[in-house]
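Working notes, beginning with the structure itself.
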2 protein chains.
Amino acid sequence: MDSPDTRGAVVQARRKIPLSRESVLAKALELVDADGVDALTMRRLGQALGRDPMSLYRYAENRAALLDGVAELVLEDLSIKKDDPDWKAQLRQLAHDLRLLAIRHPNVVPLLVTRPLSTPLGMRPLGTLRPLEQILSLLIETGFEPKDALHVYRAYYGFLYGHLLNELQEYIVDPDENEALLRLGLHRLPPKEFPRLRALAPELAEYDGSEELDQGITILLTGLESQLSQQRLVQQR
Amino acid sequence: MDSPDTRGAVVQARRKIPLSRESVLAKALELVDADGVDALTMRRLGQALGRDPMSLYRYAENRAALLDGVAELVLEDLSIKKDDPDWKAQLRQLAHDLRLLAIRHPNVVPLLVTRPLSTPLGMRPLGTLRPLEQILSLLIETGFEPKDALHVYRAYYGFLYGHLLNELQEYIVDPDENEALLRLGLHRLPPKEFPRLRALAPELAEYDGSEELDQGITILLTGLESQLSQQRLVQQR
DNA sequence: ACTGCCGTATCTACAATGTAGACTTTACCC
DNA sequence: GGGTAAAGTCTACATTGTAGATACGGCAGT
């Protein structure tokens with residue numbers, strides 16, 4: 001009749017530390033980082049924590065909420081310092097920070113990108129909305145009209161996320177066989193239909209994401225700036 | 001040898017006409033459009049087609065391949081006319097086309113965005129790679145160096161996808177209660193932490209995605225153009 | 001020391017899912 | 001007919017998320 005855990009003393013020491021939302025999410029992130037989103041099942045997570053899977057429901061309503069929590073946790077590493085008055089430099093810095101985050105947790109990116117699509121803005125985890133608020137705040141405090149701030153934010157964040165998706169798509173998982181493997185992938189394509197793509201194989205292999213992101217940001221921000229200042233002139237007369 | 005397509009009047013309603021990859025994918029798309037990606041299960045799809053779920057495996061290796069097929073099917077509606085020599089106009093047009101596609105099939109967007117993240121470039125469904133090839137081709141034929149064409153493509157497609165994600169995130173499912181509902185969503189946010197966001201509620205409600213996309217494209221393309229022509233000058237001397 | 005209580009964790013159970021493998025049906029050619 | 005290959009079906013199984021009841025373990029009050 002005794003339960004399978006015969007090692008009472010040991011269990012006692014283990015069990016002394018109760019779970020917490022943070023520890024659960026941290027472990028969940030570990031699993032996702034290691035094996036991808038699909039590998040994060042309630043049972044596996046429970047096992048990794050040495051607890052019954054059902055105990056997890058104390059810390060997240062369901063699996064979807066757990067995934068939201070993971071996304072939130074990752075985004076918490078982002079910070080934007082409000083003291084710097086140079087908004088363009090700030091946004092550029094933030095872009096690179098997010099890029100590095102994404103590269104550090106590539107398996108989380110699908111969550112960052114997909115979850116908001118199925119959650120109305122106001123219902124998102126607060127941690128997810130914080131960057132948005134901070135950017136708006138930054139822009140407004142450097143003189144933008146709120147409406148323009150929103151405009152800038154949308155273009156900026158749009159481009160940023162798009163770039164990340166692009167870059168991660170081309171991200172090679174096994175950089176060892178780098179070019180060869182890449183070519184091998186492309187080799188499968190019918191030459192008649194995809195001559196350009198195949199010819200660009202070497203260039204694809206030496207993709208510098210950071211550089212590309214930086215240039216895009218530059219174009220976008222200066223473009224936005226001039227667009228807005230021009231528009232202001234028109235309004236004044 | 002080709003299979004004899006004697007699908008004339010011989011086939012009676014009594015006997016089920018055979019499935020085809022197209023019909024399966026079309027029905028799959030219907031399900032996704034109606035109830036989202038998760039609602040597309042083998043069993044449901046089988047039922048919708050009046051067949052045993054197992055029969056689907058003749059037309060797709062597994063569920064993931066089915067999803068790829070759906071993404072491919074949607075993208076087939078995109079076409080880029082090669083005759084127009086104005087690359088900027090072409091890309092702008094294509095951007096709007098893709099936007100409309102995305103709005104028509106919002107539930108497919110997660111697939112468009114997520115699937116490539118788990119498939120190396122060369123292994124993607126060909127229909128998915130065709131736009132890439134066509135854009136490269138267009139750019140190269142209007143005089144871009146292949147390498148620059150790739151650069152333009154990346155910035156362009158990155159921005160485009162990012163914009164779509166952004167816009168769909170704010171897409172209101174029930175446009176009836178439009179503003180009120182939106183505010184209600186935002187109302188949940190702690191005012192101390194999210195003053196800017198809350199204040200911007202009205203502006204959020206009157207988002208014009210087409211306009212925003214157009215402006216972004218303009219900025220990006222003219223920026224890219226001047227960046228490249230400048231760079232060419234430097235190289236010449 | 002006993003009792004009630006409550007937050008935490010576990011146990012059991014169930015319906016739904018993807019898919020392997022063996023089997024049956026159908027259509028058509030000689 | 002008989003044979004063959006494609007199309008479709010049946011059965012079975014492991015895995016999933018999670019509802020609902022139950023146990024556990026420490027704390028308060030008496």
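Letters go in sequence order (proteins before strands), and every chain restarts at 1.
- Within the 4.5 Å cutoff, the side chain of B:L111 has no heavy atoms near those of the B:D68 side chain.
- B:H151 and A:E212 share a donor-acceptor pair across their side chains, judged by distance under 3.5 Å alone.
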In residues 25-38 of chain A, what donor-acceptor pairs under 3.5 Å come from side-chain atoms, sequence neighbours left out?
| unit_1 | atom_1 | unit_2 | atom_2 | d |
| --- | --- | --- | --- | --- |
| A:D33 | OD1 | A:H105 | ND1 | 3.0 |
| A:D33 | OD2 | A:H105 | ND1 | 2.8 |

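- Listed by residue number, there are no residues of residues 31-41 of chain A with a heavy-atom contact under 4.0 Å to DNA chain C.
- Salt bridge annotation for B:E167-A:R154: absent, with no cationic side-chain nitrogen under 4.0 angstrom from a carboxylate oxygen.
- For the pair A:L66/A:Y59, no side-chain contact is recorded, criterion being any heavy-atom separation below 4.5 Å from C-beta on.
- Residues A:L56 and A:G46 share a closest heavy-atom pair of CD1-N, 3.9 Å.
- Distance, A:Q47 CD to D:dG17 P: 13 Å, rounded to whole Å.
- No side-chain heavy atom of A:L139 sits under 4.5 Å from any side-chain heavy atom of A:L150.
- Protein atom OH of A:Y57 is 13 Å distant from nucleotide atom P of D:dG20, rounded to whole Å.
- Here B:Y161 pairs with B:Y157 under the ring-ring contact (aromatic ring centres under 6.0 Å, His included) rule; sequence neighbours left out.
- When side chains are defined from C-beta on, B:Y156 counts as touching B:I217, because their heavy atoms get closer than 4.5 Å.
- In this structure, A:L45 atom CG and D:dG17 atom P are separated by 10 Å, rounded to whole Å.
- For D:dG17, one of the phosphate oxygens OP1 or OP2 lies less than 4.0 angstrom from a side-chain nitrogen or oxygen of A:R63.
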Set out, line by line, the N/O atom pairs under 3.5 Å between protein and nucleotides 7-9 of chain D.
| unit_1 | atom_1 | unit_2 | atom_2 | d |
| --- | --- | --- | --- | --- |
| D:dA7 | N7 | B:R58 | NH1 | 3.3 |
| D:dG8 | OP1 | B:L19 | N | 3.2 |
| D:dG8 | OP1 | B:R51 | NH1 | 2.9 |
| D:dG8 | OP2 | B:Y59 | OH | 2.6 |
| D:dG8 | N7 | B:R58 | NE | 3.4 |
| D:dG8 | N7 | B:R58 | NH2 | 3.2 |
| D:dG8 | O6 | B:R58 | NH2 | 3.1 |
| D:dT9 | OP1 | B:K16 | NZ | 3.2 |
| D:dT9 | OP2 | B:D52 | N | 2.6 |

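- Put simply, the side chain of B:L204 reaches to within 4.5 Å of the side chain of B:L186, judged on heavy atoms.
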Under 3.5 Å, side-chain donor or acceptor atoms of residues 120-133 of chain B against the rest of the protein: list the pairs with distances, not counting sequence neighbours.
| unit_1 | atom_1 | unit_2 | atom_2 | d |
| --- | --- | --- | --- | --- |
| B:R124 | NE | B:T119 | O | 3.1 |
| B:T128 | OG1 | B:P125 | O | 3.4 |
| B:R130 | NE | A:E193 | OE2 | 3.3 |
| B:R130 | NH2 | A:E193 | OE2 | 2.8 |
| B:E133 | OE1 | A:L197 | N | 2.9 |
| B:E133 | OE2 | A:R196 | N | 2.9 |

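- Per the geometry, CZ belonging to A:R43 stands 16 Å off C1' belonging to C:dA9, to the nearest Å.
- The phosphate of C:dA16 has neither OP1 nor OP2 within less than 4.0 Å of any side-chain N or O from B:R44.
- If one axis is set at each end of the helix from C:dA1-D:dT30 to C:dC30-D:dG1 from five pairs, those axes are 10° apart, to 10°.
- Rounded to a whole Å, the CD atom of B:E61 is 10 Å from the P atom of C:dT19.
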